Amino acid sequence: MEERMVYMASSKSLLFRSPPIQYESLVGYLIRMAELNRYPHMSWIGNLAGVNLTEETLSKMSTRLDRLATVVGASAEEMKSLCYYVSAKGNNLHVILSMGEIIPKQYLYWPSQRVCFSCLREKGFVSGLWDLKAVTHCPEHGELLREACPACKEPVIFNRGRVAPCLPGCQHNGEGRECSDSVQALMQLISNKFLGTNFDLTEFGFPKQIVDGDLYMLLQTISFLAMRSWRGEGDIDHGWLEARPETMIEKMDHASGALVNWPSGYFKFLDDICAGKGAPNGAIVMHWMFGGFYKSLVAMQKRLQFLFDGLQDYMNDRLKGQLLTDRGSPAILNTRDRRTYMPGFVARKQLGVGRQEFKRLVDRNFLQSKMFHTSYGDIVCVHRDSVREYGQIKERLLGRHELSQELGISLHSLYTLGVGNILNAFHSPEKDGWPQWYYDRQVVDEWLHSLRKLAKPSRVGRETLRLSEAVAAYNKQGASYCRLFHACKEGALSLYYRKKDDENLLSCFHVDRRQVRNWYLSHA
DNA sequence: CTCTACACCTCTTCCGAGAA
DNA sequence: TTCTCGGAAGAGGTGTAGAG
């Protein structure tokens, strides 16, 4: 019995064998084997293995791989490597890709009956990539995938016995390149994600999000951009299903053009759909298509965030000299305000300042401002970067009462530090006409840090004075914090550091009692 | 497609409350 | 007292939905 099984198995294997070629499709491999063994149809190999290879049962093929492997004489591993997608169990609507990703089945022909004739002639194989609907052109030759030979008109059927479907004697060698650079690059990007090829696409400048993202995201992006008749919140996978192959070529051209050289390609794409024709130099006159595009994009925002962000960048770019307001268009900036220039109202809210302070910030150039002519008249808007920068500084601002307490010196001493150019205020009446004094905490910290670096650890037994004591003791000789700090900096006095004292930030700094006395006497 | 009611946006001015 | 903030009100404006 055992021997008979072995005999049966060996009798049902092919005479001529050949290992799979890299990136070959499973069906394509069987076709190639059929041709090698002079079988008129690849389904004959299925018959040998007891597997029904009709179109309807193809999805189950992956479960019969071992039987097919025995017949064609390939290892189970080799056979598995040909399965770029398998149907998910109990889920007829999705397929699992070899990388583990799951995508709707509608993105695939099952299997494809379209081929690149250049590939057939040059490499003698059927690529697994051609099963993807989004692949309209061969990534390598840029040739259109066809359902029939353009020379002998013989149609490509999947259950054929020869890799090339042509009639005997047909010498058609492929058409060569038939698409733009951008379409071919997009095909290569799909190929990299689906087959794992390594086309170098850096020069085409695809957005990072789809280069790094998964295949499904790329397919959805293409599907979305290729629609070109956006009808609100339709299903993105759906809009594409109905696309007829002949319209796909043009759609692909649009989609790939939008994705290469990000974001300028996308901007041109948006120009086409957003700006009405004949608008005065660069001004945006919304085209009717824009509404549908925008609504669909909002519906897809979670998945295709970069397209949404790109749209906002586009608005900013095209409206450089004009102002983009929130008014009447609540949705466009609700999600994420990325206007280059924002109205004063918005900036004030973000900074938490009132009108007077805002006006001062603009007048003193803390906020980069620009006048815009709008329907309300001329209004002042400010650059978002300057708002962000000042917002960060504002968080660090410190009133002078607070600072003098922290440092343990009087308000007047703090003032003299400013006069002596030791510690300058960020805002002050003298410097920029601010009614209050404010110091930048970061500047204060840097100053204290530099003092600490200057100071030496105090040795036990050395008679030292705190700075405040030194100032008090030699006040009549003209002592001031200012002069002490300058002397320390120039090296005339040594500064000591005692960790124990931490009543306030300056109390840990000491000077030598004798040194400071001599120093004052010599200067008196 | 056009018209209209509506929701919503942002400006200015005025005013009261609270902090320095 | 002076300065600042923020709410209310009024004015002017725009996109959208729905009806016709």
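Letters A, B, ... are given to chains in the order of the sequence lines, protein chains preceding strands, and every chain is numbered from 1. As the structure is a computational prediction, the values presented were derived from the model and not from experiment. All values below come from the heavy atoms of this structure, side chains included, with hydrogens, waters and symmetry mates left out.
The main-chain N or O of A:Phe199 is never found under 3.5 Å from a side-chain atom of A:Thr197 such that the two would form a donor-acceptor pair. When atom types are taken as modelled, the side chain of A:Tyr266 and the backbone of A:Leu307 share a donor-acceptor pair closer than 3.5 angstrom.
The CD atom of A:Gln436 sits 14 Å away from the P atom of B:dA19 (whole-angstrom rounding). Per the geometry, NZ belonging to A:Lys394 stands 12 Å off P belonging to C:dT4, to the nearest Å. A:Lys359 has its NZ atom 14 Å from the P atom of C:dC3, to the nearest Å. Rounded to whole Å, the distance from CG on A:Leu411 to C1' on B:dA20 is 12 Å. Rounded to an integer number of Å, the gap from CH2 of A:Trp434 to P of C:dC3 is 14 Å. A:Tyr438 places its OH atom 10 Å from the C1' atom of B:dA19, with the value rounded to the nearest Å.
Using a 4.0 Å cut-off between a side-chain N of Lys or Arg and a carboxylate O of Asp or Glu, A:Arg441 and A:Glu406 qualify as a salt bridge.
The ring of A:Phe366 has its center closer than 6.0 angstrom to the ring center of A:Phe426.
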Handout entry: nucleotides 5-10 of chain C: protein proximity per nucleotide (B base, S sugar-phosphate only, - neither; heavy atom, under 4.0 Å)
Key = SBB---
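Cation-pi geometry between A:Arg303 and A:Tyr216 is met: under 6.0 angstrom from the ring centre, within 45 degrees of the axis.
Of the options A:Leu215, A:Leu108, A:Ile102, A:Asp214, a side chain to side chain contact (heavy atoms under 4.5 Å, CB included) to A:Leu97 is made by A:Leu215 and by none of the others.
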